[in-house]
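Scroll down for the structure; my scribbles are underneath it.
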Amino acid sequence: MTTDKSTAAESAQAATGAVGSDDYALSRVPRDKRLGFWTMLLQWLAQSGSISQFTLGATIGVGMTFGDAFLAFTLGAVILEVVIFAIGLAGMREGLATPLLTRWAGFGRNGSALVSLVISVSLVGWFGVQNTIFGDSVSALVGGPSWLWCTAAGVGITVLVIFGFKYMAVFAKIVTPLFFAMVAWSVTDALSDHSFSELIHSPAPGESIPLAVAATAIAGGFMTGAIVSPEMTRYNRKGSHVFLQSASSMILSEYIVGLTGVLLGHLVGSGQVSQIVLSTSGVFGVLVVLMSTAKINDWNLYGSSLGVVNFFQVVFGKRVHRGAVTIVLGIAGTLLSAVGMMTHFTDFLSVLGVAIPPVGGIIVAEYWVVRRMRAPLDATRDAETLPATSPTWVPMSLVIWAVAFCVGKFYDGGIPALNSLLTAFVLYCVLGLAGWIKTYGTTALDDSTEPAPAATGTATVGAP
């Protein structure tokens, strides 16, 4: 029975006739296509393998003692892990990425298109920004024009993402062990002539950084990644795997990489510590660092492609192949990074970074607390199919989204990304359980413009 379902799903993907893998962009990932624990663990750990995390740790270390930095990283890690697990577990259970999941988790069909657009623009924008940083770094290290390296990196990542999750997982298996082995060697060499105890107990060498500011940098920096974690967890087999793998990634990223960065910051008195890793590892080390950067950036392009596929189906009634979408997005992001345009959009992308966390708050509130829109998902989960219909509009969710964004953007206290997420979560829970959130209309899954028979009147979310 499962084989028949998988064959049908693969045939549906092949029917679009485009290069690469569609990666179940508009369907559930079948159970027999889920990946094992160790394969998925390496995908998670690959997200921790970045020189930028060392730099973040060093920057925090310049303004904090090791003990205070430990508290900051603990706060950031706990916040991120709670968000990742709550949203990622939903993605694992349903086998759905964030854009498609939102059709039955708070936003309805048309609202999911807006979610998809915001996520796609944000992720492809950061793909271009990271590609620019990549090109500039290689140019400074080995010479040659930055635009050439931007082009080479962008093309390489695009080709990888075209062929989908399976090949991205293979790349992670190669890069992740190499990166951490090389970093362990470089850092050990750098710290070998200094007292570990003295570095831990030394005062902050620079201007003091408040705990809230440090926690904001740690948790806020990866909050968008946490919201789109279903893009990865839909390939998990068990909920326990989601927790163990994401927690392992948090431990490695925050406690090992981040706190090592703190020690390096105390050592050199500056956040500019990347040269410590690069200077002791030679050409091979530089290559590994660049490959690990590419491994992180491929998720920006991958997540963006999934969002665009959902957007096109909702808005234009057209099913486009994820591989073809990846080509277009990859070319656009690569060209803009090569000509130096992407760095001008970082402020705009930061605004989108505050707009995405409320999506996570609404998903968690609807899926785990209110639980009125998810009934069709429950009914079709065992069959590994999608519900025949979805709500068309959930206007109050859009209002909550807007209010939560304003809180995150304009309220100065706390962590902006967390403020917006919690605001959305609390408002949706309260209004949903009170029966004040209503769905309007029902749309057939095949994108029929005619409403389904059940579309008369309105349905109340949270009412008995």
Side-chain angles (χ1 to χ4, degrees), residues 19-21 23 29 33-54 123 126-127 130-131 133-135 137-138 141-142 149-189 222 225 229 231-237 241-242 244-246 248-253 256-257 260 274 277-278 280-305 322-323 326-327 330 333-334:
V19 66
S21 172
D23 265 7
V29 176
K33 299 299 181 183
R34 307 289 180 98
L35 301 178
F37 179 85
W38 296 107
T39 296
M40 293 299 297
L41 177 62
L42 283 173
Q43 281 281 38
W44 276 104
L45 296 183
Q47 305 309 300
S48 308
S50 172
I51 290 296
S52 62
Q53 188 68 3
F54 281 103
L123 292 181
W126 285 116
F127 166 79
Q130 291 295 327
N131 205 51
I133 296 172
F134 182 99
S137 299
V138 178
L141 287 168
V142 302
W149 295 115
C150 286
T151 302
V155 170
I157 296 172
T158 300
V159 171
L160 175 65
V161 175
I162 286 172
F163 291 98
F165 195 94
K166 182 185 297 185
Y167 290 89
M168 292 164 64
V170 171
F171 190 45
K173 290 180 180 179
I174 298 171
V175 173
T176 307
L178 288 176
F179 176 82
F180 285 107
M182 184 273 296
V183 165
W185 172 42
S186 299
V187 171
T188 300
D189 181 71
F222 192 68
S229 60
E231 272 73 342
M232 185 182 298
T233 62
R234 64 197 181 118
Y235 280 94
N236 275 111
R237 293 173 178 171
H241 290 183
V242 174
L244 291 173
Q245 291 159 4
S246 58
S248 297
S249 179
M250 285 297 103
I251 291 171
L252 181 61
S253 176
I256 298 179
V257 175
T260 299
S274 59
V277 177
L278 297 175
T280 58
S281 54
V283 175
F284 174 74
V286 172
L287 179 62
V288 171
V289 168
L290 297 179
M291 289 173 65
S292 68
T293 303
K295 181 67 204 76
I296 294 174
N297 206 21
D298 62 2
W299 276 102
N300 288 326
L301 186 57
Y302 184 75
S304 182
S305 69
R322 193 202 61 82
T326 300
I327 294 174
T334 299

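All residue numbers in this chain count up from 1 along the given sequence.
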Measure the spacing between [atom1] of [X] and [atom2] of [Y] and express it to the nearest 0.5 Å.
| X | Y | atom1 | atom2 | value |
| --- | --- | --- | --- | --- |
| Lys166 | Thr39 | NZ | OG1 | 11.5 Å |
| Ile256 | Ser48 | CD1 | OG | 9.0 Å |
| Leu42 | Leu35 | CG | CG | 11.5 Å |
| Gln47 | Met250 | CD | CE | 9.5 Å |
| Met40 | Arg237 | CE | CZ | 10.0 Å |
| Ile157 | Lys295 | CD1 | NZ | 9.5 Å |

Mind listing the closest non-hydrogen atom pair of [X] and [Y] along with its distance?
| X | Y | answer |
| --- | --- | --- |
| Ala46 | Thr176 | CB-OG1, 3.3 Å |
| Gly323 | Ile162 | O-CG1, 4.0 Å |
| Thr326 | Ser305 | OG1-CB, 3.5 Å |
| Gly154 | Thr158 | O-OG1, 2.7 Å |
| Val242 | Thr233 | CG1-CG2, 4.0 Å |
| Gln53 | Ser253 | NE2-O, 3.2 Å |

I'd like to check [X] versus [Y] (side-chain heavy atoms, cut-off strictly below 4.5 Å). Are they in contact?
| X | Y | value |
| --- | --- | --- |
| Asn236 | Phe37 | no |
| Leu123 | Leu301 | no |
| His241 | Leu41 | no |
| Asp298 | Phe127 | no |

Using a 6.0 Å cut-off, check whether atom CH2 of Trp126 has over 12 heavy atoms from anything other than its own residue.
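Yes, enclosed.
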
Over 12 non-hydrogen atoms of neighbours within 6.0 angstrom of OH in Tyr167:
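No, OH of Tyr167 has 12 or fewer neighbouring heavy atoms, counting only those of other groups under 6.0 Å.
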
Measure from the side-chain N and O atoms of [X] to the backbone N and O of [Y], and report whether any donor-acceptor pair falls under 3.5 Å.
| X | Y | value |
| --- | --- | --- |
| Ser249 | Trp44 | yes |
| Arg322 | Tyr302 | no |
| Thr188 | Ala184 | yes |
| Asn297 | Gln130 | no |

Tell me whether the rings of Trp299 and Phe165 are parallel (<30°), tilted (30 to 60°) or perpendicular (>60°).
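Judged by the thresholds at 30° and 60°, the geometry between Trp299 and Phe165 is perpendicular.
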
